[in-house]
Amino acid sequence: MADLSVLTGGRAGDGINSAGLLVSHLLNRMGYSTYMYFDYPSLIKGGHNFTITRAADMPVGACREKVDIVLALNQDTIDLHRDLMHDRTVVIYDSGKATADGQGVPVEEILKEEQAPPVMGNSCMIGAFAGAAGIPFTIVEEVFGTQIPRGLEKNLAVARRGYGSATRVLHIDRGHEGPFSLLSGNEAIGLGLLHGGLDAYVAYPMTPTSNLLHFLAGVAEDHPLTVVHPENEISVILMAHGLAYAGKRTAVGTSGGGFCLMTESFSMAGTNEVPLVVVMGQRTGPSTGLPTYTGQTDLHFMLHAGQGEFPRLVVAPGDITQACAWSARALSLAWTCQVPAIILVDKTLCEGIAPLRDGAFPPLPDENHDVPAGGRYRRYTITASGISPMLHPPVPGSAVKANSYIHDEAGITTERADVTVRMTEKRLRKGESLLHEIMRLDPVERSGREGASITLLCWGSTLPVCREVAGNLDFRVVQPVVLSPFPGEQLKRALSGAEQIVAVEENALGQLAMLCARNGITVDTSVRKIDGRPFAVEELERRILEVA
Amino acid sequence: MADLSVLTGGRAGDGINSAGLLVSHLLNRMGYSTYMYFDYPSLIKGGHNFTITRAADMPVGACREKVDIVLALNQDTIDLHRDLMHDRTVVIYDSGKATADGQGVPVEEILKEEQAPPVMGNSCMIGAFAGAAGIPFTIVEEVFGTQIPRGLEKNLAVARRGYGSATRVLHIDRGHEGPFSLLSGNEAIGLGLLHGGLDAYVAYPMTPTSNLLHFLAGVAEDHPLTVVHPENEISVILMAHGLAYAGKRTAVGTSGGGFCLMTESFSMAGTNEVPLVVVMGQRTGPSTGLPTYTGQTDLHFMLHAGQGEFPRLVVAPGDITQACAWSARALSLAWTCQVPAIILVDKTLCEGIAPLRDGAFPPLPDENHDVPAGGRYRRYTITASGISPMLHPPVPGSAVKANSYIHDEAGITTERADVTVRMTEKRLRKGESLLHEIMRLDPVERSGREGASITLLCWGSTLPVCREVAGNLDFRVVQPVVLSPFPGEQLKRALSGAEQIVAVEENALGQLAMLCARNGITVDTSVRKIDGRPFAVEELERRILEVA
Amino acid sequence: MAERTLITGTQNTWCPGCGNFTIQFALRNAIQKLADEGVPLETIVLVTGIGCHAKMADYLDINSFYSIHGRTIPVATGIKLANPELTVLCCAGDGDAYAEGLDHLVFAAKRNSDITVIVHNNRVYGLTTGQYTPTSPLGFRGRSTPGGTIEPPFNPLSLMLTSGAGFIARGTTRRMKELEDLISRGLRYRGFAFIDVLQICASYFNVGELYDRQGYALSGHDPADFEAACRKAEEWDYNRDAPIGFGLFYRQEKPVFEEQFDHRRLTAADREDMIRAILAAKR
Amino acid sequence: MAERTLITGTQNTWCPGCGNFTIQFALRNAIQKLADEGVPLETIVLVTGIGCHAKMADYLDINSFYSIHGRTIPVATGIKLANPELTVLCCAGDGDAYAEGLDHLVFAAKRNSDITVIVHNNRVYGLTTGQYTPTSPLGFRGRSTPGGTIEPPFNPLSLMLTSGAGFIARGTTRRMKELEDLISRGLRYRGFAFIDVLQICASYFNVGELYDRQGYALSGHDPADFEAACRKAEEWDYNRDAPIGFGLFYRQEKPVFEEQFDHRRLTAADREDMIRAILAAKR
Ligand SMILES: Cc1ncc(C[n+]2csc(CCOP(=O)(O)OP(=O)(O)O)c2C)c(N)n1
Ligand SMILES: Cc1ncc(C[n+]2csc(CCOP(=O)(O)OP(=O)(O)O)c2C)c(N)n1
Ligand code: SF4
Ligand code: SF4
Ligand SMILES: [Mg+2]
Ligand SMILES: [Mg+2]
């Protein structure tokens with residue numbers, strides 16, 4: 001079984017993320033499934049950044065504890081990562097910047113001779129990597145051709161010299177997968193939203209969803225998509241309210257701190273029934289916490305944010321493909337059921353890079369809101385489903401009235417007890433309708449061996465690592481993708497027959513386990529991680545075997 | 001058994017709340033326990049306002065479904081409240097403004113003859129009420145003497161005329177209770193905070209806690225208390241952070257919408273360990289909802305608000321006396337354990353008026369933070385209890401560093417995995433320490449008959465109505481006053497032997513029941529109310545008997 | 001549309017004598033005039049905050065978005081962005097627009113969002129029973145400041161001038177005809193139109209007499225002259241007694257925010273092509 | 001105190017060439033000067049937001065409150081209110097103080113809170129990788145505006161003038177000595193002192209050359225003259241090329257917010273008397 005891990009490290013600001021991505025693309029074109037993790041502190045230049053690209057002949061979505069190749073753009077990369085190296089780890093390093101046992105690449109000399117600027121140093125190292133790994137240079141040419149927009153010739157020249165300078169130490173055969181489109185989670189969410197009919201995206205930058213803003217702002221350069229970055233998150237969500245009220249499918253993106261500022265208007269969506277979608281990227285908290293590291297600590301906050309009670313959709317995709325598919329569905333469901341929706345992700349998923357697989361672009365229902373003929377339009381008409389026909393201004397002859405107060409069917413404020421009850425009941429029925437829609441969409445994913453004695457229960461970005469561990473240990477995995485409305489029946493069914501349920505979560509309190517307990521599902525034991533770093537495969541295996 | 005209900009009604013802006021309060025004071029001085037409910041829509045003048053004062057020879061804290069006397073300052077009071085009247089309800093009305101079967105009081109003529117201004121009309125009606133109810137006029141004099149700051153003589157003269165104009169229809173004997181200090185919930189919270197050592201209060205007006213701001217602003221006129229009303233709620237909680245960091249015991253007050261704006265800084269208190277107290281008055285939601293009506297819909301929002309995981313104190317007092325005592329304790333505990341605290345109340349409690357009873361001013365521990373001698377002060381020193389010694393600047397020779405990032409013991413930002421884990425564990429231990437403190441304070445209240453087959457489980461302002469119903473039906477009542485950290489053991493103990501647990505809540509989802517389920521406590525059935533109005537005694541009785 | 005009146009049947013709960021009635025009439029007339037000129041009524045959208053002023057959303061029979069306290073402006077910008085054919089206006093309170101949500105006001109002016117903001121500046125929080133606002137005079141005794149405020153007011157006109165607003169006016173509920181005219185002009189202005197309306201609060205700040213005594217209609221003032229507008233705006237600082245000018249202080253055309261977006265709709269096919277192209281580049 | 005240096009041992013992670021280093025040195029020197037004059041170091045408190053600028057909290061060995069993005073100012077006011085003996089200053093970013101938390105800036109100026117606010121105005125969001133801020137020039141290409149911004153910047157000095165700030169200055173990291181002097185004066189000013197510092201961002205907005213070319217030190221300008229300060233502030237609009245003045249634009253004494261509170265501490269006995277008196281009045 002092929003399974004290769006490549007660590008690419010260097011100073012922040014030196015393009016480590018791009019270099020790691022090129023490594024991924026090379027291995028992608030070689031016919032492997034890849035996964036890339038990007039680790040960086042909160043600073044712009046000078047600190048240490050690294051990526052780990054893993055390539056295998058099966059789907060992977062997590063790192064292993066050791067790497068096979070280290071591509072060192074500086075000395076730190078060698079010194080800081082000794083614990084990640086094994087006996088046969090090959091170190092390829094820029095010999096002008098580091099010394100090590102391994103293959104030195106005289107980057108500076110090569111650049112000088114090729115009259116190339118210093119930024120092309122990474123191309124030289126990538127070339128050396130390809131040479132050492134036995135990747136045909138034609139693949140380097142293919143990858144550079146699509147991935148390097150400027151100075152292709154010169155970059156290739158430099159890469160060829162790096163390639164030539166390397167001794168072949170590995171013999172990677174061609175694999176049989178892909179090639180896939182490699183996407184970050186943010187990009188996958190963006191594409192999913194676009195598939196779901198996104199008209200507008202509004203956001204204020206915040207790790208780990210800033211790159212979704214950047215991605216969609218790029219799309220908006222060439223396409224009729226409205227992308228706005230306003231003065232703060234309060235403005236973000238209120239602009240979204242305005243856009244959606246007037247008929248544009250709108251999403252916003254943020255992280256915990258920014259979401260806090262949105263909660264008041266999130267609750268407003270509960271009452272005024274304006275469909276909103278929030279992409280919410282978790283990171284290590286509380287408060288500013290570790291802004292560039294991961295966590296799964298905001299589940300219950302998302303389930304309950306905002307005063308008052310109202311139905312909401314919370315989906316927590318587990319990998320790139322689910323992220324794309326469920327972002328599309330979230331936008332579509334928010335509009336069908338006129339509820340606020342949260343796409344709950346985290347730094348691991350947002351900034352990890354992996355192949356987009358089948359199922360990323362599900363068919364979506366047409367939403368048409370039949371408006372009863374005759375008489376004036378009433379925005380909040382009471383219906384059996386709890387869902388009122390939604391029109392947007394202009395509606396000839398009618399006023400469309402949205403209202404944050406308790407209101408009557410026409411949207412006029414009321415303080416009457418009976419109307420308050422009827423409108424609350426309408427909201428509850430809308431929640432039922434939403435649950436009904438969810439039921440049809442397989443809200444609980446299962447994999448691994450049916451009938452296995454141990455079931456790993458997980459949510460969000462721990463899915464791939466759980467899948468791999470379950471594969472290795474012959475366990476089963478159950479993942480509720482939808483967390484609100486809670487698919488209790490499906491989850492119970494998926495878990496039926498489980499002898500031992502082990503919840504795997506990247507938080508301290510066991511938030512999914514809490515949610516299960518509330519719904520009458522008992523988790524037997526938990527494995528938790530709280531240091532801001534995602535589980536490595538062997539780490540999770542060890543931790544599970546300790547308790548299971 | 002004496003049990004009298006008096007409805008006082010009139011136009012908004014006509015001082016109905018004050019009139020109702022005078023009625024309460026008269027009955028208080030007559031030796032009864034009183035409770036006053038105030039019902040008003042969200043407008044300033046012209047809409048309909050009413051109060052219901054209930055007086056009995058036992059503690060009461062809720063209204064009955066019918067009233068015995070209607071004091072009508074306008075026609076609406078008679079027309080709108082027919083459903084509250086029974087066969088023998090006595091209507092006393094201003095004969096210049098209304099017509100009814102009952103006792104008309106010629107208010108306008110009396111005012112004219114006494115050369116009194118129109119605002120004294122209410123005094124005339126109060127006098128008539130006292131006359132009709134057989135309350136000695138000396139009691140009117142006593143009450144007016146303490147409660148009417150300006151124009152006492154003229155008000156008394158007018159009241160005497162009203163008194164004389166009334167036919168005595170009731171024979172209220174002197175009771176044997178009190179007289180008590182009658183306080184609104186807001187005032188009780190204010191006094192509790194003052195007892196707890198409050199130095200500063202910061203708030204932006206919002207129903208139902210605006211009157212706490214007004215009350216404390218009044219106190220600050222004569223006493224060294226810092227009261228600030230800044231530009232918005234974000235500023236409110238951040239000023240509180242600054243005040244508390246620099247050593248002032250500070251509380252803030254708001255309702256759901258304002259709390260939303262505070263969540264980001266609430267989470268900051270999780271990380272920077274600055275003690276904060278938030279008085280959070282629930283009203284009917286979601287969003288603006290019914291701003292002047294009640295609800296218990298924000299419990300889970302309070303338990304989970306803010307990104308990340310950190311211990312917090314949430315107390316939900318059930319009556320005026322608990323409100324005072326637990327506000328004092330909340331401030332004290334926030335400082336002892338360096339956690340953010342929420343005093344979770346609602347419109348019913350905040351704006352209801354009732355006697356303050358024994359136990360309102362509990363003794364509080366001295367908090368002294370022993371700082372290990374030698375070396376520089378480290379704000380976040382890791383300790384077994386999770387609680388670090390807290391000093392405020394100036395500390396000679398040391399810098400006091402608060403930080404919203406994950407930090408080391410000195411308060412310097414870190415991104416290290418190991419320190420992140422240690423600091424998270426420190427926070428968890430702090431939660432344990434808080435729970436330990438809570439244990440010693442009787443966090444679960446019980447009343448009614450031990451061993452009764454039916455136990456009413458309630459939280460917050462439904463306590464008094466549950467107590468009364470339990471008294472009538474020979475049930476038992478259990479009320480967790482502290483909701484976070486959850487006193488699971490105590491609650492289980494309090495509920496042990498319960499044959500049927502009926503949760504009584506003013507929300508649609510059964511939020512306490514949900515919290516119990518999560519903690520392994522099963523509620524058998526629920527009685528819920530969602531129209532923004534508190535339970536009346538008979539209503540709750542009926543509802544319980546339907547399901548129990 | 002002929003059969004539609006502009007007033008809903010909802011019971012009005014403003015206090016007797018409240019200036020909001022005047023604003024309501026002025027606004028209704030201004031809207032009626034737009035309609036008479038052929039602007040379809042259903043293309044007009046009102047956004048309100050929370051406060052006495054905000055009840056306008058219930059009382060006017062036009063599209064409305066009754067938002068939350070302090071948050072009219074970004075909603076209005078969102079609506080205009082969604083559909084530039086709509087005429088979007090806000091009725092905001094002074095607590096609303098000058099305290100709770102001040103930043104939005106500054107940014108809408110800065111970006112020149114094509115909306116009209118009418119601030120019902122009664123210089124008090126009406127609906128929450130009379131606390132001071134950013135434009136209450138120094139020493140104002142409200143329920144949160146029983147001893148009088150210790151903060152002087154700021155001057156919203158000056159603030160709007162420095163923020164880049166292209167249409168800046170002040171009206172008062174004591175001069176309804178002029179107010180109606182200002183609103184009409186604001187609604188027609190392409191860009192961010194700001195109208196501060198000194199509104200009487202009959203219950204908590206009843207200073208009609210002051211506005212009558214000190215007020216005068218601007219005349220001979222050139223609204224194209226920025227410096228002159230600054231001086232004129234500074235004439236009265238919302239605090240001390242001084243002449244209070246009513247009328248248009250400043251007017252200038254600027255590039256409009258919402259016009260700089262691509263407002264075409266993507267067809268479903270375009271959309272899928274776009275996605276395919278992006279995916280191809282990532283392979 | 002002699003043994004305390006003002007710099008912590010924390011590893012510095014600003015980019016090479018970043019203007020923050022200059023601000024750090026200027027600030028350290030200004031604080032050292034205060035200390036030399038007898039102000040105890042432990043009475044100085046620094047509040048920072050979140051951003052590159054904010055790392056100052058880790059690097060300076062003085063009391064600090066490392067707050068959240070956009071929220072330095074109300075924290076600083078709270079600290080000063082709690083203890084008027086403290087000298088309180090903020091290091092804020094331009095994203096921080098001009099976008100996320102603009103309202104606090106206006107209100108601190110309005111109420112004349114006795115704090116000093118230093119805005120590290122690099123005209124870009126540094127830490128989130130180079131998006132535009134409210135002072136980026138029109139057309140700025142950042143990662144959220146790859147085609148260039150469509151909003152002109154606003155002028156923070158003008159905004160502070162209309163907001164009532166009593167001390168308004170502009171410095172730059174290209175002129176460290178002058179900057180140090182401005183900070184020193186700001187820290188000594190009784191009231192709200194605002195210093196906009198045009199800071200170089202080596203990674204995302206490296207316009208040192210522009211500030212050198214267009215910059216000049218104010219001279220012959222009377223900071224007591226409000227009108228002159230307004231004109232001076234308008235000389236450069238943070239957008240087009242124009243002379244950029246550095247120095248003190250405006251200075252005036254005003255009543256200080258925190259001085260109007262009663263700062264006595266209640267004894268426990270006073271406290272219980274007070275409660276008893278209130279209870280008695282409610283009986
Ligand atoms: C976030 C939030 N804070 C506070 C309130 C309470 N509140 C409702 S209206 C209002 C003041 C309204 O004042 P203003 O905007 O001047 O309107 P007016 O009533 O004077 O027309 C306040 C503080 C609220 N609804 N939401
Ligand atoms: C509420 C919130 N929104 C967004 C962020 C993400 N964020 C961190 S720093 C920053 C921008 C900082 O820009 P600026 O204040 O100009 O500081 P600089 O880095 O340029 O010094 C942003 C948007 C955050 N931490 N909190
Ligand atoms: S309180 Fe003032 S603003 Fe509100 S309705 Fe009454 S008079 Fe009008
Ligand atoms: S990004 Fe800019 S502001 Fe931030 S450290 Fe680097 S040079 Fe300085
Ligand atoms: Mg107002
Ligand atoms: Mg900046």
Side-chain angles (χ1 to χ4, degrees), chain A residues 41-42 234 255-261 263-264 266-272 282-293 295 297-298 300-301 303-310 404-406 415 417-418 420-421 424-425 427-428 507-509 511 514-515 517-520 530-533, chain B residues 41-42 234 255-261 263-264 266-272 282-293 295 297-298 300-301 303-310 404-406 415 417-418 420-421 424-425 427-428 507-509 511 514-515 517-520 530-533:
Chain A
S42 187
I234 297 180
S255 181
F259 184 84
C260 285
L261 295 167
T263 45
E264 191 190 8
F266 194 80
S267 170
M268 174 158 68
T271 294
N272 74 6
Q282 298 168 98
R283 55 194 221 187
T284 317
S287 198
T288 314
L290 299 183
T292 60
Y293 290 90
T297 58
D298 301 339
H300 281 266
F301 181 28
L303 295 175
H304 301 290
Q307 75 273 26
E309 298 175 321
F310 51 95
S404 77
Y405 279 93
I406 305 296
E415 290 171 314
D418 56 347
T420 304
V421 171
T424 303
E425 289 170 348
R427 277 199 303 279
L428 294 176
N507 59 47
L509 301 179
Q511 299 204 15
M514 267 157 54
L515 181 59
R518 185 166 112 188
N519 286 280
I530 54 173
D531 66 357
R533 277 71 177 173
Chain B
S42 186
I234 297 180
S255 181
F259 184 84
C260 286
L261 296 167
T263 45
E264 191 190 7
F266 193 80
S267 170
M268 174 158 70
T271 294
N272 74 6
Q282 296 167 100
R283 55 194 220 186
T284 317
S287 197
T288 313
L290 299 182
T292 62
Y293 290 90
T297 57
D298 301 340
H300 282 265
F301 181 29
L303 295 175
H304 301 292
Q307 75 272 28
E309 299 174 321
F310 51 94
S404 77
Y405 279 94
I406 307 296
E415 289 171 315
D418 56 346
T420 304
V421 172
T424 302
E425 288 170 348
R427 277 199 303 279
L428 294 176
N507 58 48
L509 301 179
Q511 299 206 14
M514 268 156 57
L515 181 58
R518 184 167 113 188
N519 287 280
I530 53 173
D531 66 357
R533 278 71 178 172

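Just so it is clear, the model here is predicted, and its values are computed rather than measured. Each chain gets a letter, A, B and so on, in the order the sequences are listed, and its residues count up from 1.
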Among [options], single out the residue with the greatest number of heavy-atom pairs under 4.5 Å to chain A.
options: B/Pro41, B/Gly289, B/Gly256; result: B/Gly289
options: B/Phe310, B/Phe266, B/Tyr293, B/Phe301; result: B/Phe301
options: B/Ala517, B/Ala417, B/Ala305; result: B/Ala417
options: B/Gly270, B/Gly520, B/Pro291; result: B/Pro291
options: B/Ala269, B/Ser42, B/Gly295, B/Gly258; result: B/Ser42

So, taking the atom named [atom1] in [X] and the one named [atom2] in [Y], what distance separates them when rounded to the nearest 0.5 Å?
X: A/Phe259; Y: B/Cys260; atom1: CZ; atom2: SG; answer: 9.0 Å
X: B/Thr420; Y: A/Arg533; atom1: OG1; atom2: CZ; answer: 6.0 Å
X: A/Leu509; Y: B/Leu428; atom1: CG; atom2: CG; answer: 6.5 Å
X: A/Asn519; Y: B/Arg518; atom1: CG; atom2: CZ; answer: 11.5 Å
X: A/Thr288; Y: B/Asn272; atom1: OG1; atom2: CG; answer: 9.5 Å

Return yes if some donor-acceptor pair links the side-chain N/O of [X] with the main-chain N/O of [Y] below 3.5 Å, else return no.
X: A/Asp298; Y: B/Gly308; answer: yes
X: B/Ser404; Y: A/Ser287; answer: no
X: B/Glu309; Y: A/Ala508; answer: yes
X: A/Glu415; Y: B/Leu290; answer: no

Item to check | Closest non-hydrogen atom pair, A/Gly285 against B/Arg427 | outcome: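 Heavy atoms of A/Gly285 and B/Arg427 come nearest at O-NH2, 3.9 Å.
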Item to check | For the student: nearest non-hydrogen atoms of B/Thr271 and A/Pro286, plus distance | outcome: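 Heavy-atom minimum between the residues: OG1-O, 2.8 Å.
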At a 4.5 Å cut-off on heavy atoms, which part of [X] comes close to chain B: side chain, backbone, both, or neither?
X: A/Leu303; result: neither
X: A/Arg283; result: neither
X: A/Ser255; result: neither

Checklist entry - Of the backbone (N, CA, C, O) and the side chain (C-beta and beyond), which part of B/Gln511 lies under 4.5 Å from a heavy atom of chain A, both, or neither? => result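 Only the side chain of B/Gln511 comes within 4.5 Å of chain A.
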Next on the checklist: B/Ile234 vs A/Leu261, test: side-chain contact (heavy atoms from CB on, under 4.5 Å). Steps then yes/no.
Outcome noted: CA-CA 9 Å; B/Ile234 297 180; A/Leu261 295 167; 3.9 Å; yes
Next on the checklist: Within the 4.5 Å heavy-atom criterion, are A/Met514 and B/His304 side-chain neighbours or not?
Outcome noted: yes
